[in-house]
Amino acid sequence: MNEFLEGQFDAVVIGAGHAGCEAALALARTGFNTAMLTLNLDSVAFLACNPSIGGTAKGQIVREIDALGGQMGINADQSLLQIRMLNRGKGAAVQSLRGQTDKNVYHTLMKQTLENTENLKIVQGEAVEIKVENGAVCGVKTAYGGVLTCRAVVIATGVYLNGSVIAGEWKRSSGPNGFQPANELTQNLIDLGFNVRRFKTGTPARIDGRTIDFSKLEIQEGERDIYPFSYLTEQIPLEQTPCYLTYTNEKTHEIIRANLHRSPLYGGLIKGTGPRYCPSIEDKVVRFSDKERHQLFLEPEGADTHEIYVQGMSTSLPHDVQKQMYRTVKGLENCEIMRYAYAIEYDAIDSLDLLPTLEFKKINGLFCAGQINGTSGYEEAAAQGLMAGVNASLKMRNMSPLILGRDQAYIGVLIDDLVTKGTNEPYRMMTSRAEYRIVLRQDNSDLRLTEFGRQAGLVDDKRYFSYLKRKAEYEKATEEMNRILKPKTVENLLSKKNLPTPQSGITKADLVRRGFSIEEISSSLGGFDGISPFVLHTVELDAKYSGYIQKGLEQIEKAKKLEEKLLPADIDYLSISGLRLEARQKLDKIRPLSLGQAGRISGVSPADIAVLMVYLKK
């Protein structure tokens with residue numbers, strides 16, 4: 001096919017899912033002429049699986065994306081059907097926002113955002129070749145022969161790369177939801193030096209809500225007294241759409257067990273590695289055979305449709321089995337399936353081939369973000385897209401990269417895990433992966449990250465002034481919390497809980513640690529005039545968990561000493577005789593930037609780090 005010049009750009013983003021959208025916006029908003037290639041304009045920011053944003057650890061990521069100047073939180077708030085705080089009964093470090101979104105509204109809002117962004121052009125077309133000259137990217141070729149010249153490329157192909165949809169004995173080359181796959185780029189990536197593997201994910205059926213007996217189900221209402229995803233959103237919707245809770249039962253499990261021979265998961269038709277933390281219902285029934293039931297959430301897909309998403313019942317069983325299986329569930333006895341469940345296999349790369357900036361180690365200017373890096377989830381993808389986009393932008397501006405540490409953000413934990421430890425299955429972010437999670441709470445994301453976004457050029461004046469106002473309130477409230485009060489001032493308040501009056505002075509932070517809420521303290525003692533409730537929430541948590549926070553900060557300072565010991569880029573690990581063979585091979589492959597990163601590599605022991613320290617001194 002004859003090649004022709006499609007256009008000249010600074011950067012090209014391949015893919016318009018959650019990673020691609022954030023990458024393209026980051027590049028365009030920092031002044032670079034950017035093209036976004038998508039297989040279908042109707043699939044921009046499409047919520048291919050669950051109609052929700054956030055969740056455990058994912059809510060933290062969305063708030064961090066927002067604090068850095070990204071778009072996901074803003075559009076999630078504007079398309080909310082319902083929002084809740086998960087893990088209310090647990091500590092603040094593991095509480096996470098989760099919002100039900102109207103998937104069509106979310107798609108429309110993101111498409112409008114992209115179309116109205118200066119320096120950004122959206123092109124419908126399939127990327128088939130990344131052009132490279134002298135070890136650096138120079139363009140992208142489409143299936144139509146068009147060439148988009150550029151200095152940077154972000155690959156964000158999601159689950160479309162060599163996608164195959166599977167249900168029972170039926171298998172077809174396809175992207176999610178019937179969208180076309182991208183079948184030609186994989187070989188080009190292999191030729192460029194990428195290590196490609198096969199992963200798998202899946203999605204449950206969508207059921208006609210008019211055929212569900214909701215009176216049999218447990219209702220799950222939204223919440224109104226919580227903060228939204230974006231710091232720019234003034235308030236969450238007062239009227240919210242409910243979700244519903246139901247369960248599988250022994251009859252459901254009997255049908256599944258009787259048809260396991262027809263499951264592509266157990267029959268060998270599916271070759272890809274599936275997500276450990278989001279298994280299909282047939283996988284749950286086999287792996288957890290002692291469980292009598294599994295929880296299911298019924299979630300609305302949007303305000304303009306009767307489609308209901310059955311969370312927790314992902315499957316790749318044949319359609320006739322699905323129909324029987326879903327109808328055994330309480331409330332779904334007469335349900336009609338509008339879209340059947342399926343599994344999808346796709347190509348992904350080995351994330352160990354990437355630098356902490358998400359740039360490919362072997363080619364200058366080539367970045368990867370999202371599910372191509374082996375992750376699962378909209379939020380993980382969007383975070384990587386933002387970081388890949390901003391680092392491509394910083395590189396073209398000859399500025400230092402933005403690499404967030406594990407002590408600075410969940411995004412830092414996510415990327416460090418990918419490029420240091422790698423993943424052999426679809427990676428999902430969880431609060432347990434973040435060792436400093438008491439410091440990385442979602443309520444303080446802007447205080448941690450907005451200055452980074454400002455320095456990188458992502459945070460505009462409106463967002464920055466909003467942040468400065470909140471920061472000033474936070475500092476004023478913190479000062480008030482630590483102001484020493486005379487014992488007589490708090491005597492009446494303490495007596496309400498039969499607590500003794502202290503002999504010496506006491507602070508409002510001390511009162512929080514003695515079990516008083518910020519509301520009780522404020523109404524009784526005053527001092528917080530003009531401070532927003534959400535800022536008060538943050539200073540209250542700071543006071544309540546001050547001991548744990550201090551321990552966390554001490555651990556961070558200790559770890560920083562290893563992070564600050566940088567390793568030369570040209571170090572010959574294979575020749576360092578004191579290292580064990582496995583450590584030499586792993587260090588040579590990953591080529592960590594610091595001793596801290598080296599210590600987190602699987603197969604590198606503390607003894608190996610000690611050898612490296614001696615080597616560096618020499």
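- At a cut-off of 3.5 Å, with distance as the only test, a side-chain donor of D416 or T420 sits close to an acceptor on the other residue.
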message: One pair to check against salt bridge (charged side-chain N to carboxylate O under 4.0 Å, His left out): K131 and E129. What are the steps and the verdict?
response: CA-CA 6 Å; K131 291 187 168 290; E129 181 187 349; 3.7 Å; yes
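- Within the 4.5 Å cutoff, the side chain of K111 has no heavy atoms near those of the T108 side chain.
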query: Is there a side-chain hydrogen bond (donor to acceptor under 3.5 Å, both in side chains) between S52 and R98 once you walk through the steps?
result: CA-CA 7 Å; S52 67; R98 186 177 192 272; 3.0 Å; yes
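- Using a 3.5 Å distance cut-off with no hydrogens or angles, the side chains of D542 and Y474 do pair a donor with an acceptor.
- Residues D443 and F534 form no side-chain contact, since every pair of their non-hydrogen atoms from C-beta on lies 4.5 Å or further apart.
- Between the side chain of S466 and the backbone N or O of K462 there is no donor-acceptor pair closer than 3.5 Å.
- The shortest non-hydrogen separation linking F367 to A388 is CD2-O, 3.9 Å.
- The structure places CD of E22 at 12.0 Å from CE of M387, a figure rounded to the nearest 0.5 Å.
- For the pair P426/T201, no side-chain contact is recorded, criterion being any heavy-atom separation below 4.5 Å from C-beta on.
- No donor-acceptor pair under 3.5 Å is formed between the side chain of Q100 and the backbone N or O of E299.
- Residues Q408 and Y436 are not in side-chain contact: their nearest non-hydrogen atoms beyond the backbone lie 4.5 Å or more apart.
- Across all non-hydrogen atoms, the minimal contact from S351 to N373 is CB-O, 3.6 Å.
- D77 and S230 share no side-chain donor-acceptor pair at under 3.5 Å.
- Taking the six-membered ring wherever Trp is involved, the centroid distance between the rings of Y231 and Y467 does not fall below 6.0 Å.
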- request: Go through E563 and S594 one step at a time and tell me if the side-chain hydrogen bond (donor to acceptor under 3.5 Å, both in side chains) criterion holds.
  value: CA-CA 5 Å; E563 297 297 331; S594 67; 3.2 Å; yes
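- Looking only at distances, a side-chain donor or acceptor of R454 sits under 3.5 Å from a matching main-chain atom of V459.
- Side-chain contact between F199 and Y346: present, with at least one pair of heavy atoms (C-beta onward) separated by less than 4.5 Å.
- With rounding to the nearest 0.5 Å, the separation of CZ in F229 from CD1 in I236 is 10.5 Å.
- Each of K200, R198, R172 was compared with S164 under the side-chain contact (heavy atoms from CB on, under 4.5 Å) criterion, and only R198 meets it.
- Residues L189 and I155 have side chains in contact (heavy-atom distance under 4.5 Å, counting atoms from C-beta outward).
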message: What verdict does the side chain to side chain contact (heavy atoms under 4.5 Å, CB included) test give for V94 and R437, after you've listed the backbone C-alpha separation in whole Å, the side-chain angles of each residue and the deciding distance to 0.1 Å?
response: CA-CA 8 Å; V94 296; R437 55 187 172 274; 4.2 Å; yes
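- Ring geometry for H18 against Y378 counts as tilted: the plane angle lies between 30° and 60°, on a 0 to 90° scale.
- Using modelled atom types, one finds a donor on one side chain and an acceptor on the other under 3.5 Å when comparing Y464 with E451.
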task: Please assess M72 against Y106 for the test side chain to side chain contact (heavy atoms under 4.5 Å, CB included), listing each intermediate value before the final yes or no.
output: CA-CA 9 Å; M72 177 175 263; Y106 187 85; 3.5 Å; yes
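- For the side-chain hydrogen bond (donor to acceptor under 3.5 Å, both in side chains) with E307, the qualifying choice from R206, K103, R339 is R339, the only one to do so.
- In this structure, CD on Q371 lies 11.5 Å from CG on L161, to the nearest 0.5 angstrom.
- Shortest non-hydrogen contact noted between G31 and N119 is CA-ND2, 3.7 Å.
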field: Steps toward side-chain hydrogen bond (donor to acceptor under 3.5 Å, both in side chains) verdict (T375, Q384)
entry: CA-CA 10 Å; T375 58; Q384 293 170 73; 3.0 Å; yes
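- Taking CG of N87 as the reference point, atom CG of L97 lies at 11.5 Å (rounded to 0.5 Å).
- For the 3.5 Å distance criterion, the side chains of S445 and R448 qualify, holding a donor opposite an acceptor.
- In this structure the side chain of R224 reaches within 4.5 angstrom of the side chain of Q240, judged on heavy atoms.
- In this structure, R433 satisfies the cation-pi test against Y427, with its NZ or CZ atom closer than 6.0 Å to the six-membered ring centre and inside 45 degrees of the ring normal.
- Under a 3.5 Å cut-off, the side chain of E359 and the backbone N or O of G365 do form a donor-acceptor pair.
- When every heavy atom of N183 is checked against every heavy atom of G163, the shortest pair comes out as OD1-N, 4.3 Å.
- Between D66 and R463 the shortest side-chain heavy-atom distance falls below 4.5 Å.
- Side-chain contact, T357 with N391: no donor N or O sits under 3.5 Å from an acceptor N or O.
- Scanning all heavy atoms of the two residues, the minimum distance from F9 to L148 falls at CE1-CD2, 3.8 Å.
- No side-chain donor-acceptor contact under 3.5 Å links R29 to the backbone of L27.
- Once rounded to the nearest 0.5 Å, the distance linking CG of L440 with CD1 of I61 reads 11.0 Å.
- Note that the OG atom of S96 and the CG atom of L86 stand 6.0 Å from one another [nearest 0.5 Å].
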